[in-house]
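Taking it in order: structure first as structure tokens, then the write-up.
Just so we're clear, the structure is a prediction, and the values are computed from it rather than from any experiment. FYI, side chains are in, hydrogens and waters are out, and symmetry mates aren't considered; it's all heavy atoms of this structure.
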Amino acid sequence: MISQLQGAAWPPTPRTLTTEIARAAQAGQRQSVVCRWVLNEPAAADHVAKIAEGPDQGPLTEDHMDVEGALVYACLLHLTDHPESAQFWWQLAAGAGSRAAAYCRHLHHLAVGESKRAWHWFHQLTHAVADTTPPDAAFLEGLEIFARYVRTNGSRALGPTGSLESEIDRLAARPPGCSVIVARPDRQLVDRLQEFMDR
């Protein structure tokens, strides 16, 4: 995998382009599998609730960050076609030590053909950045096998429903000139996510 991430010769040959296109497509598929998996975790709504805006919630600070909540929210944003916002929340979670978020950033950059950035996030994933042990090659290969299996056989892990997509679109609605990053989740989104979990 590491050798695949290093830059290709320039100018690219038709074979190199075909390989890069296939690698990008596979990375995008793996990312969707991982995101559906994260979104379908039993405590996903509880984690997002911890980062949601509300009368009982203060500003989101380093001491008040639920890393899993940021990861789940990023995956939901990715699955509802808000890639810039997903990257922001993955980066926030990865900076707080989430290896899963670093893996998602890695896959995102592979999917869009950004090999150097993908390599950076692969390095973040495989080297100690927190008090956790980095995943070994066998674990990463297991993820690849799992993603191929799901691609071939399907999965019970569902993607976001129309009501979840509508909630994300509501949060994404911004007056002209405002940030393109989707706002922090709120209680209404958490309620829709809980309904999704309870289905």
Sidechain N-carboxylate O distance under 4.0 Å for R192, D186: no
Provide the closest heavy-atom pair for [X] versus [Y] in the form atom of the first, atom of the second, distance.
X: A100; Y: L71; answer: CB-CD2, 3.7 Å
X: V67; Y: S98; answer: CG1-CB, 3.5 Å
X: E167; Y: L189; answer: CB-CD1, 3.6 Å
X: A45; Y: M197; answer: CB-CG, 4.3 Å

Please determine, by modelled atom types, if H47 and E68 share a side-chain donor-acceptor pair under 3.5 angstrom.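 Judged by distance alone, the side chains do not pair up.
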To the nearest 0.5 Å, tell me how far [X] [atom1] sits from [Y] [atom2].
X: Q188; Y: L171; atom1: CD; atom2: CG; value: 8.0 Å
X: S85; Y: Y73; atom1: OG; atom2: OH; value: 7.0 Å
X: L39; Y: C75; atom1: CG; atom2: SG; value: 7.5 Å
X: E84; Y: H82; atom1: CD; atom2: NE2; value: 9.5 Å
X: C35; Y: L107; atom1: SG; atom2: CG; value: 8.5 Å
X: Q124; Y: Y103; atom1: CD; atom2: OH; value: 16.0 Å

Does the side-chain contact (heavy atoms from CB on, under 4.5 Å) test come out yes or no for R30 and Q26, once each step is laid out? CA-CA 6 Å; R30 283 194 312 265; Q26 290 169 354; 3.9 Å; yes
Can you check whether [X] reaches [Y] side chain to side chain, under 4.5 Å on heavy atoms?
X: T80; Y: L164; result: no
X: Q31; Y: C104; result: yes
X: L76; Y: V38; result: no
X: V72; Y: L193; result: yes

Relative to each other, are the rings of W119 and F122 parallel, tilted or perpendicular (30° and 60° limits)? parallel
Which atom pairs, donor and acceptor, lie under 3.5 Å between side-chain atoms of residues 87-96 and protein residues at least two apart or in another chain?
| unit_1 | atom_1 | unit_2 | atom_2 | d |
| --- | --- | --- | --- | --- |
| Q87 | OE1 | R105 | NH2 | 3.3 |
| Q87 | NE2 | H108 | NE2 | 3.1 |
| Q91 | OE1 | R105 | NH1 | 2.6 |

Can you list everything that forms a side chain to side chain contact (heavy atoms under 4.5 Å, CB included) with D46? Sequence neighbours excluded, please.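 Residues passing side chain to side chain contact (heavy atoms under 4.5 Å, CB included) with D46: A43, Q194.
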Run the side-chain contact (heavy atoms from CB on, under 4.5 Å) check on S32 and H78 step by step: do they pass? CA-CA 8 Å; S32 291; H78 168 74; 3.8 Å; yes
Treating H106 as the side-chain partner and A118 as the backbone partner, does any N or O pair qualify as donor plus acceptor under 3.5 Å?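 Flag set: sc H106 to bb A118 pair under 3.5 Å.
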Output yes when a side-chain donor or acceptor of R187 lies under 3.5 Å from a complementary backbone atom of A52, and no otherwise.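 A pair under 3.5 Å: no.
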Applying the 4.5 Å side-chain criterion to the ILVMFWY set and letting contacts propagate, would V34 and W121 be lumped into a single cluster? no
With S163, which residues qualify under side chain to side chain donor-acceptor pair (under 3.5 Å), at least two apart? T161
